[in-house]
Colleague: 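Before anything else, here's the structure in question.
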Amino acid sequence: MPEGPSLVILRENIASLTGLKVREVSGNSKQDLQRLRGRTLRAIRTWGKHLLLDFGDDLAVRIHLLLFGSYRIDEEKEGKVPRLALSFTKKRRLNFYACSVRFIETPLDDVYDWSADVMSDHWDPKAARGKLKSMPDAIVADVLLDQDIFAGVGNIIKNEVLHRIRLHPETPVGALPSRKLTELITQARQYSFDFYEWKKQFVLRKHWQVHAKKTCPRDGTPLSYRQYLGKAQRRAFWCDACQRRYGNVPATPATPLRRR
DNA sequence: TAACATGTTACGGT
DNA sequence: AACCGTAACATGTT
């Protein structure tokens, strides 16, 4: 559920709540939810993996679904206590479960750098390039997950983008030829839009080339897999035959199993 | 069925 | 202060 494109879909699914007034609020969030009572939902925005319910007058609710979060529109989830349940006028409802809920009491434009959001109209590839230039030693698997650079990109998108551009996950940013760096930035956004379309059509999974796969779709080469790769310590799937590693950086030894 | 996963944050230690 | 590693959280799926 929770990568950037899924949040855009969520935003679109609840767009019809814009302009409605909150009649009742409940939920097990620690925020003072009753402050929302009687307020009008002025706008719904997203930034990366954040859903932003803007109630105006410097009060917005930030929802982050993390790994397990979910939502329901105009219905309840059987046997689950909502973290936040909003009842609106016109008998509309919106529930969120197992997620992070926080108030933001600063204008959203002051808090968020919209140019970093790969799904945003304000996405700025040049800004991303500048940030990447300042961190030559970081590996590409880590920078794709860096929300200050590629807000909305998650682990699936990371793995798929790197395969699409035939780039090894452990390549340091500084070792990338200029054109490859351009591809990385371009495809971080392009793949996210492909993800968005496939997700809407319920065909996302079948388009996965490497994520959670065993062999490379190009020629059946067994994929390499590391459970905890890079600083982010996330799963990486890649093909050593077609994903090139740049730079004279020795392959890192297999990551020791992280204690869990 | 136990382990894991599309994610992040809080906290303690250095 | 900045950085690092670990625990914690939560739930559907395999």
Side-chain angles (χ1 to χ4, degrees), chain A residues 1-11 13 27-31 46-52 61-72 76-85 95-104 111-112 116-119 134-135 137-139 141-164 169 188-189 191-214 223 225-238 252 255-260:
Chain A
M1 171 42 61
E3 297 193 37
S6 301
L7 271 289
V8 173
I9 293 168
L10 163 55
R11 186 187 74 211
N13 286 345
N28 61 12
S29 162
K30 286 171 189 156
Q31 301 285 305
T46 54
W47 179 86
K49 300 162 189 171
H50 299 196
L51 176 72
L52 303 162
V61 174
R62 190 205 79 171
I63 306 284
H64 197 304
L65 297 172
L66 302 172
L67 215 46
F68 310 123
S70 60
Y71 63 95
R72 290 293 184 274
E76 312 293 321
K77 198 168 180 182
E78 195 75 28
K80 301 291 177 188
V81 179
R83 178 80 18 98
L84 169 62
N95 287 4
F96 294 97
Y97 305 85
C99 58
S100 160
V101 176
R102 263 162 53 173
F103 287 155
I104 297 178
V111 175
Y112 288 101
D117 179 359
V118 296
M119 298 300 291
S134 75
M135 45 200 309
D137 297 332
I139 63 170
D142 280 331
V143 300
L144 276 171
L145 293 173
D146 187 331
Q147 300 299 293
D148 292 333
I149 307 172
F150 297 108
V153 170
N155 206 36
I156 296 173
I157 295 175
K158 174 198 82 179
N159 283 317
E160 294 296 321
V161 164
L162 292 176
H163 182 262
R164 179 177 272 191
R189 176 170 167 91
Y191 185 86
S192 296
F193 276 86
D194 292 344
F195 181 120
Y196 164 81
E197 293 296 339
W198 293 329
K199 177 102 185 166
K200 272 204 299 191
Q201 308 300 324
F202 305 101
V203 294
L204 176 63
R205 245 166 222 265
K206 79 172 187 187
H207 285 92
W208 289 353
Q209 303 292 295
V210 290
H211 185 80
K213 307 294 261 188
K214 294 263 195 302
L223 293 178
Y225 167 66
R226 198 160 297 153
Q227 187 162 15
Y228 306 115
L229 182 137
K231 287 197 175 184
Q233 293 271 289
R234 305 296 302 278
R235 299 199 298 170
F237 301 84
W238 74 94
T252 57
T255 313
L257 213 58
R258 182 173 63 168
R259 291 196 149 283
R260 303 189 64 105

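Each chain gets a letter, A, B and so on, in the order the sequences are listed, and its residues count up from 1. Heavy atoms only: backbone and side chains are in, while hydrogens, waters and symmetry mates are out.
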Colleague: At a cut-off of 3.5 Å, list every protein nitrogen or oxygen paired with a nitrogen or oxygen from nucleotides 11-14 of chain C, distance to 0.1 Å.
Modeller:
residue, atom, partner, partner atom, Å
C:dG12, OP1, A:K77, NZ, 3.3

Colleague: Taking atom C1' of C:dG5 as reference, at what distance in whole Å does atom CG of A:D142 sit?
Modeller: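 Whole-Å distance recorded here is 14 Å.
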
Colleague: Within the 4.5 Å heavy-atom criterion, are A:M119 and A:F193 side-chain neighbours or not?
Modeller: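 In contact.
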
Colleague: Got a minute to check which stems DNA chain B is part of, using Watson-Crick or G-U wobble pairs under 3.5 Å, three or more consecutive?
Modeller: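 Output for stems: B:2-5 with C:11-14, B:7-14 with C:2-9.
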
Colleague: Can you tell me how far P of B:dT8 sits from CG of A:D146, to the nearest Å?
Modeller: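 Distance, rounded to whole Å: 10 Å.
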
Colleague: Select from A:K231 and A:L66 the residue whose nearest nucleotide in DNA chain C is closer to the 5' end of that strand.
Modeller: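 Counting from the 5' end, the first nearest nucleotide belongs to A:K231.
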
Colleague: Tell me every residue that passes side-chain contact (heavy atoms from CB on, under 4.5 Å) with A:A98, counting only those two or more places apart in sequence or in another chain.
Modeller: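 A:A98 satisfies side-chain contact (heavy atoms from CB on, under 4.5 Å) with no residue once adjacent residues are dropped.
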
Colleague: When the distance from NE2 of A:H64 to C1' of B:dA10 is rounded to whole Å, what number comes out?
Modeller: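 Those two atoms, NE2 and C1', are 15 Å apart.
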
Colleague: Do any side-chain nitrogens or oxygens of A:R235 fall under 4.0 Å of OP1 or OP2 in B:dG7?
Modeller: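 So the side-chain polar atoms of A:R235 never come under 4.0 Å of the phosphate oxygens OP1 or OP2 of B:dG7.
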
Colleague: Rounded to whole Å, please give me the gap between CZ in A:R234 and P in B:dG7.
Modeller: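 Taking atom P of B:dG7 as the reference, CZ of A:R234 is at 4 Å.
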
Colleague: Does any pair with a residue in residues 146-158 of chain A pass side-chain hydrogen bond (donor to acceptor under 3.5 Å, both in side chains), and if so which ones, sequence neighbours excluded?
Modeller: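 Qualifying pairs, neighbours excluded: A:N155-A:K158.
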
Colleague: Rounded to whole angstrom units, what separation is found between the CD atom of A:Q233 and the P atom of B:dT9?
Modeller: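 Value for this atom pair: 18 Å.
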
Colleague: Does A:Q147 put a side-chain nitrogen or oxygen below 4.0 Å from OP1 or OP2 of B:dG7?
Modeller: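 Result: no.
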
Colleague: Please name all residues satisfying side-chain contact (heavy atoms from CB on, under 4.5 Å) with A:K231, sequence neighbours left out, ordered by chain then number.
Modeller: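 side-chain contact (heavy atoms from CB on, under 4.5 Å) list for A:K231, sorted by chain: A:D142.
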
Colleague: Given that A:R62 and A:H211 both sit by DNA chain B, which one's nearest nucleotide is further toward the 5' end?
Modeller: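 Counting from the 5' end, the first nearest nucleotide belongs to A:H211.
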
Colleague: Specify the separation, in whole Å, of atom CZ of A:R226 and atom P of B:dA5.
Modeller: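 Rounded to the whole Å, the gap is 15 Å.
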
Colleague: Between A:Y228 (OH) and C:dC4 (C1'), how many Å, whole number?
Modeller: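 Interatomic distance, OH of A:Y228 to C1' of C:dC4: 18 Å.
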
Colleague: Could you tell me how far apart A:N155 (CG) and B:dA5 (C1') are, to the nearest whole angstrom?
Modeller: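 My rounded result for the distance is 9 Å.
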
Colleague: With rounding to the nearest 0.5 Å, note down the distance linking OH in A:Y196 to CD in A:Q201.
Modeller: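 Result: 9.5 Å between the selected atoms.
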
Colleague: Taking only residues two or more places apart in sequence or in another chain, which ones pass ring-ring contact (aromatic ring centres under 6.0 Å, His included) with A:F103?
Modeller: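 In terms of ring-ring contact (aromatic ring centres under 6.0 Å, His included), with neighbours along the sequence ignored, A:F103 is linked to no residue.
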
Colleague: Determine the interatomic distance between C1' on C:dC4 and the same-named atom on B:dT6; round to the nearest Å.
Modeller: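 The answer is 25 Å between these two C1' atoms.
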
Colleague: Examine A:K77 relative to A:Y97 and say whether NZ or CZ is less than 6.0 Å from the centre of the six-membered ring and inside a 45° cone about the ring axis.
Modeller: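 Yes, a cation-pi geometry holds between A:K77 and A:Y97.
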
Colleague: Assess the residue pair A:L84 and A:Q31 against the criterion (side chain to side chain contact (heavy atoms under 4.5 Å, CB included)); give the C-alpha distance rounded to whole Å, side-chain angles, the decisive distance to 0.1 Å, and a yes or no.
Modeller: CA-CA 10 Å; A:L84 169 62; A:Q31 301 285 305; over 6 Å; no

Colleague: Can you tell me how far apart CZ (A:R235) and CZ (A:R226) are? Round to the nearest 0.5 Å.
Modeller: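 Going from CZ on A:R235 over to CZ on A:R226, the span is 14.5 Å.
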
